[in-house]
S.K.: 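Input: one structure, supplied below.
If you're wondering where the values come from, they're calculated on a predicted model, not measured in any experiment. In the text below, chain A, chain B and the rest are named by the order of the sequence lines, each starting its count at 1.
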There are 2 protein chains.
Amino acid sequence: MATRTRRSQRRTEALSRERIVEAAVELLDTAGESGLTFRALTERLATGPGAIYWHVANKDELLAAATDAVVAAAVAVRPAAEALPTPSPEEPEPPASPQDGIRTVALGLFDAIVRHPWLATQLAAQLSRSPWGTVTPRIFESIGQRVRALDVPESSWFTVASALVHYVLGAAGQNAVNSASARALAPGVDRARFLDTVSAAWEGLDPDEYPFTRAVADQIRGHDDREQFLAGVDLVLAGITATHRREPRPAQE
Amino acid sequence: MATRTRRSQRRTEALSRERIVEAAVELLDTAGESGLTFRALTERLATGPGAIYWHVANKDELLAAATDAVVAAAVAVRPAAEALPTPSPEEPEPPASPQDGIRTVALGLFDAIVRHPWLATQLAAQLSRSPWGTVTPRIFESIGQRVRALDVPESSWFTVASALVHYVLGAAGQNAVNSASARALAPGVDRARFLDTVSAAWEGLDPDEYPFTRAVADQIRGHDDREQFLAGVDLVLAGITATHRREPRPAQE
DNA sequence: ACCTGAACACCGTTCAAGT
DNA sequence: ACCTGAACACCGTTCAAGT
């Protein structure tokens, strides 16, 4: 169907790395990870594979660029909820707490993964392939700046920021795709029915091997992904304040 | 080189799903994710592709099975450090705290990812593709059983266990592969030099955009992955006990 | 400097045919 | 029931050739 859709409509705009990455993200969003091929890309951009390879080294680099673009947009969000020191010095809104800032950044990443389900896998791949890339520092910095504003000794900045980033990525990665896979697996089925399916599957597990999972199976039914994600963030935040109190409690070995 | 290594040595053993998965894990360990192909697999098993497809539906299922096998072994570890109620009722060792149990399970997964770097990406892929698969319940159950032993109200079991699992997967995924990529990227370079490279790269970032990352760049130099991973686990554990105290503190909206 | 498009090596998967 | 292996469709990547 749609036999050879010629997309020569706007051959006007010159090809650029930016346009290629943009097309890649669109392709990933609409067709999934397996949908991003150089063939599909050339058709969409009305060009040949050689043209793409002029701007991008290979597919890995393209995936990294797509991931970075989406992450950059996600962590750069400075919503109304969080009032950072504004460029315009007038109207000094009451600055939000660093905790709220962290919640905001975390939710930004969470929502980004919901919008772009492929991000979960790509994030893991990117972070593991090159921690010195652009993706890691971007996320780390965004969280870290808020950690600095917390009451944490400088010697623990790295550990605390890392813990937060790790939780956010782990949770966003798993939680968020639930909603996506609910859509993907059964297009007509809504979220509630999807959760019912998972819940039922868990209740069907072996009672001897999976007592806990079975016990909480019904808690999954009504739960809200974002709410639970935030509850986890708060848990980590509570751990930070509990661990790094005013009085420097020496580690009692 | 090694022109057509015939592996007909032990054509004796019959092919089985188990042997295939085992070979797949070995291939992933030695040759990386891109090294696992049906061609390499058929050569290693001295068979044809059709034989493999008789036991395994497709590559995705094979990857899922390989992931599950490694995870099962990782969370099943019951080291001497943690004394669960033993099958043999004599010699009742002092039972370890649930916190220690959680640390043990977390470290087990951490170490598994260090030994099998491909696990980080696969875990993200597997968890996102099918939360109703075997991998998620396995990890969830292992952590959850220890959560139940903590002083947490039942209504929070699901949230608390999820938070722990998310941190562990996020942290293990990112942290662990650092050591692997250090080896992969520069075979002769040891870990200390690798950390130096990352640290130097972070120090070279834009001072305006990355003040925090630059500030902690030198903290990365001497840090121990496992130690930091455990510090994060303790942070979450501290948050759990701080949030769920004896006196049921009503949420003051 | 930027783009074209045929060509190549390789991959996952299928299937008629064997035992 | 289990295995063989040729064949197919498709993929990432290259490169001589154009402008």
S.K.: Find the distance A/N58:CG to D/dG12:P and express it as a whole number of Å.
M.R.: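 So the two atoms are 11 Å apart, to the nearest Å.
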S.K.: Which whole-number value in Å describes the distance from B/I20 CD1 to D/dC2 C1'?
M.R.: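 Distance check: B/I20 CD1 to D/dC2 C1' gives 11 Å.
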S.K.: Round to a whole Å and report the spacing from CZ of A/R17 to P of C/dC2.
M.R.: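 Computing the A/R17:CZ to C/dC2:P distance gives 14 Å.
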S.K.: Select base, sugar-phosphate, or nothing to describe what B/L36 touches, counting heavy atoms under 4.0 Å on all strands.
M.R.: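 Answer is sugar-phosphate: B/L36 comes under 4.0 Å of backbone atoms only.
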S.K.: Take A/I52 and B/T37, find for each the nucleotide of DNA chain C with the closest heavy atom, and name the residue whose nucleotide sits nearer the 5' end.
M.R.: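 Counting from the 5' end, the first nearest nucleotide belongs to A/I52.
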S.K.: Is the closest side-chain donor-acceptor distance between B/E141 and A/T213 under 3.5 Å?
M.R.: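 Yes.
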S.K.: Within the pair B/W54 and D/dC2, is there a side-chain N or O less than 4.0 Å away from OP1 or OP2?
M.R.: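 Result: yes.
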S.K.: Check for a donor-acceptor pair, side chain of B/S199 on one end and backbone N or O of B/R221 on the other, with a separation under 3.5 Å.
M.R.: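 Answer holds: no.
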S.K.: Answer yes or no: does a side-chain N or O of A/H55 lie under 4.0 Å from OP1 or OP2 of C/dA1?
M.R.: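 False: A/H55 side-chain N/O out of range (4.0 Å or more) of C/dA1 OP1/OP2.
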S.K.: Just how far, in rounded Å, is C1' of D/dT4 from CG of B/L15?
M.R.: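 Distance, rounded to whole Å: 12 Å.
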S.K.: With rounding to whole Å, what would you report as the distance between C/dA17 and D/dC2 at their P atoms?
M.R.: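 Approximately 22 Å lies between the P atom of C/dA17 and that of D/dC2.
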S.K.: Looking only at the side chain of B/A51 (C-beta and beyond, no hydrogens), which of the listed nucleotides D/dT4, C/dT13, D/dT13 gets closest?
M.R.: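 Output: D/dT4.
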S.K.: Give a yes or no on whether the backbone of A/I102 and the side-chain of A/R146 come within a donor-acceptor separation of less than 3.5 Å.
M.R.: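 No.
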S.K.: Measuring from the side chain of B/T47 (C-beta onward, heavy atoms only), which nucleotide among D/dC3, D/dG12, C/dT13 has the closest atom?
M.R.: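 Closest nucleotide among those given: D/dC3.
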S.K.: Nearest-Å distance, CG (B/D60) to P (C/dT13)?
M.R.: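 Answer to the nearest Å: 7 Å.
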S.K.: What donor-acceptor contacts under 3.5 angstrom involve side-chain atoms of residues 55-70 of chain A, with partners at least two apart or in another chain?
M.R.:
{"residue": "A/N58", "atom": "OD1", "partner": "A/D60", "partner atom": "N", "Å": "3.3"}
{"residue": "A/N58", "atom": "OD1", "partner": "A/E61", "partner atom": "N", "Å": "3.0"}
{"residue": "A/K59", "atom": "NZ", "partner": "A/L36", "partner atom": "O", "Å": "2.9"}
{"residue": "A/E61", "atom": "OE2", "partner": "A/R17", "partner atom": "NH1", "Å": "2.6"}
{"residue": "A/T67", "atom": "OG1", "partner": "A/L63", "partner atom": "O", "Å": "2.8"}
{"residue": "A/D68", "atom": "OD1", "partner": "A/T134", "partner atom": "OG1", "Å": "2.7"}
{"residue": "A/D68", "atom": "OD1", "partner": "A/R138", "partner atom": "NE", "Å": "3.1"}
{"residue": "A/D68", "atom": "OD1", "partner": "A/R138", "partner atom": "NH2", "Å": "3.3"}
{"residue": "A/D68", "atom": "OD2", "partner": "A/T134", "partner atom": "OG1", "Å": "3.4"}
{"residue": "A/D68", "atom": "OD2", "partner": "A/R138", "partner atom": "NH2", "Å": "2.9"}

S.K.: Would you mind reading off the distance between B/E33 atom CD and C/dC11 atom P, rounded to a whole angstrom?
M.R.: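 The answer, rounded to whole Å, is 15 Å.
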S.K.: With nearest nucleotides of DNA chain D determined for A/A57 and A/S34 from heavy-atom distances, which residue corresponds to the more 5′ nucleotide?
M.R.: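 First, find each residue's nearest nucleotide; the 5'-ward one identifies A/S34.
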S.K.: Roughly how many Å is it from CG in B/L45 to P in D/dG5, rounded to a whole number?
M.R.: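 Atom-to-atom, B/L45 to D/dG5, this comes out as 14 Å.
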S.K.: Could you check how far CZ of B/R39 sits from C1' of D/dA6, rounded to whole Å?
M.R.: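 Whole-Å distance recorded here is 11 Å.
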S.K.: Tell me if a side-chain donor or acceptor on B/T197 pairs with a main-chain N or O of B/R193 at a distance below 3.5 Å.
M.R.: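 Such a contact is found between B/T197 side chain and B/R193 backbone.
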S.K.: Quick one: the dot-bracket string of DNA chain C, using Watson-Crick and G-U wobble pairs with both distances under 3.5 Å, [ ] for crossing pairs and | for bases paired to another strand.
M.R.: ||.|||||...|||||.||
S.K.: Quick one: which of C/dT14, C/dC3, D/dC3 gets closest to the side chain of B/Y53?
M.R.: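 For the B/Y53 side chain, the nearest candidate turns out to be C/dT14.
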S.K.: Examine A/F140 together with B/Y210 and report whether their ring centres are nearer than 6.0 Å.
M.R.: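 No, ring centres 6.0 Å or more apart.
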S.K.: In chain order, what residues pass the ring-ring contact (aromatic ring centres under 6.0 Å, His included) check against A/F38, with sequence neighbours excluded?
M.R.: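 With sequence neighbours excluded, A/F38 shows a ring-ring contact (aromatic ring centres under 6.0 Å, His included) to A/Y53, given in chain and number order.
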